[in-house]
Amino acid sequence: MKRLLLFFFCILTLPVFAQEHPTEVSTTADTQVEATEEGKFNAGEMILHHVGDSHEWHFASIGESHITLPLPIIAYQPGKGLSVFSSSRFGHEFKDSYNGLKLEHEHLVAEDGSTVYDFSITKNVASMLISVALMILVFTSVASGYKKNHGRAPRGIQSFFEPIIIFVRDEVAKKAIGPKYAKYLPYLLTIFFFIWFNNLLGLLPGAANLTGNIAVTFLFAFITLLITTFSSNKYYWSHIFWTPGVPLWLRPIMIPVELIGVISKPFSLMVRLFANITAGHIIILSFISLIFIFNTVAISPLSLAFGLFISCLELLVAALQAYIFTLLTAMYIGGAVEEHDDHDYGIGGDDADAPAHVHAH
């Protein structure tokens, strides 16, 4: 539904965006000069600025003034050493340079063209640190409540999170991985709550789009690939390099197909989370932008209604995407650690004890 709404919105507003920057053409005897009209609202620039990363945290704009939080610039230049200063040194809209450094399209570069290693605390990094601190605070409280109420009904914040933890353990880890689930449960719980928390934080006004950053989703997908690869047993690799259940002459052909599948699984994890979260932000901001594109408050009730509807839908998507990422991760790990008797090829093993993803075949 989200993709359908995004498609129809792009089609309906294409003429508006096409006319957003009208040009005036002045002709002389030798040249033709195009002048772009300034001062128009640029929806595309606003949306990209919101979903992208930045070296400052922009919260709101009131008239010509902006409410922003400068963030630390941490840069290392070979031969010049480490530079640490505030991003406010670059001035308004990052037009100035400082200490031989400047920002070009949110990329830190040296004025002399030398190499710069950027370790700055950007908006996404700051948001990640906030979410990590929040998770530590929440789950420290949950653990403390579990110790105090051991053997009794959960209370307070523990009563909210404990059923979710049990759900991930029983319905995701146990069913997808099987008897060896306990070894991987900490990672599964970490990615579930990290993605869920940051999906929700990203819906706040002025918040960062952390889980819509492909570098973040790539990292989790890469960790999943590493865990799957290094946890795999000989039956997993024998299935890849000598696929059972297919004719002998077809097995060599299946090897590259299976190896591509090893990479495509975490790749799909990365793209799915990135695309769904980013698309949600774009749709919400696009509906709000209609008020400024058409430059009338008459459209605001419809625009805000659709924006509110998508925002409510995103609350569901926030939990759903965390669940899907965690479930697929558990299934990939389960496929790598399952024993030979678990394979549903009609030999050995008790089918009732096989992991859930084996029954699904």
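Just so it is clear, the values below take in all heavy atoms, side chains as well, and ignore hydrogens, waters and symmetry mates.
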Can any side-chain N or O of [X] pair as donor or acceptor with the backbone N or O of [Y] at less than 3.5 Å?
{"X": "S159", "Y": "G156", "result": "yes"}
{"X": "T217", "Y": "M270", "result": "yes"}
{"X": "N233", "Y": "V337", "result": "yes"}
{"X": "S303", "Y": "I299", "result": "no"}
{"X": "S144", "Y": "S141", "result": "no"}
{"X": "S120", "Y": "T122", "result": "no"}
{"X": "T140", "Y": "L137", "result": "no"}
{"X": "T278", "Y": "A275", "result": "no"}
{"X": "S87", "Y": "E56", "result": "no"}
{"X": "E106", "Y": "H55", "result": "yes"}

ask   = Considering residues, nucleotides and ligands other than Y117, do more than 12 of their heavy atoms fall under 6.0 Å from its OH?
value =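 No, OH of Y117 has 12 or fewer neighbouring heavy atoms, counting only those of other groups under 6.0 Å.
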Do [X] and [Y] come close enough that some side-chain heavy atom pair is under 4.5 Å?
{"X": "Y184", "Y": "I177", "value": "yes"}
{"X": "R169", "Y": "L185", "value": "yes"}
{"X": "D170", "Y": "K175", "value": "no"}

request  = Could you check F194 against F220 for ring-ring contact (aromatic ring centres under 6.0 Å, His included), going step by step and ending with a plain yes or no?
outcome  = CA-CA 10 Å; F194 182 88; F220 271 124; 5.3 Å; yes
Establish, yes or no, whether a centroid distance under 6.0 Å links the rings of [X] and [Y].
{"X": "W57", "Y": "F59", "value": "yes"}
{"X": "F193", "Y": "F139", "value": "yes"}
{"X": "F287", "Y": "F306", "value": "yes"}
{"X": "F85", "Y": "F90", "value": "yes"}

request  = Please identify each residue that fulfils ring-ring contact (aromatic ring centres under 6.0 Å, His included) with F267, with sequence neighbours left out.
outcome  =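 Partners of F267 by the ring-ring contact (aromatic ring centres under 6.0 Å, His included) criterion come out as none, since no residue qualifies.
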task = Applying ring-ring contact (aromatic ring centres under 6.0 Å, His included), name anything that partners F222, two or more places apart in sequence or on another chain.
result =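 Here the qualifying residues are F218.
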Kindly work out whether a path of hydrophobic side-chain contacts (I/L/V/M/F/W/Y, heavy atoms less than 4.5 Å apart) joins [X] to [Y].
{"X": "I260", "Y": "M331", "result": "no"}
{"X": "L315", "Y": "Y323", "result": "yes"}
{"X": "I284", "Y": "L308", "result": "no"}

inquiry  = Is the ring pair F161/F197 parallel, tilted or perpendicular, if the boundaries are 30 and 60 degrees?
reply    =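 If you compare the ring of F161 with that of F197, the planes turn out tilted.
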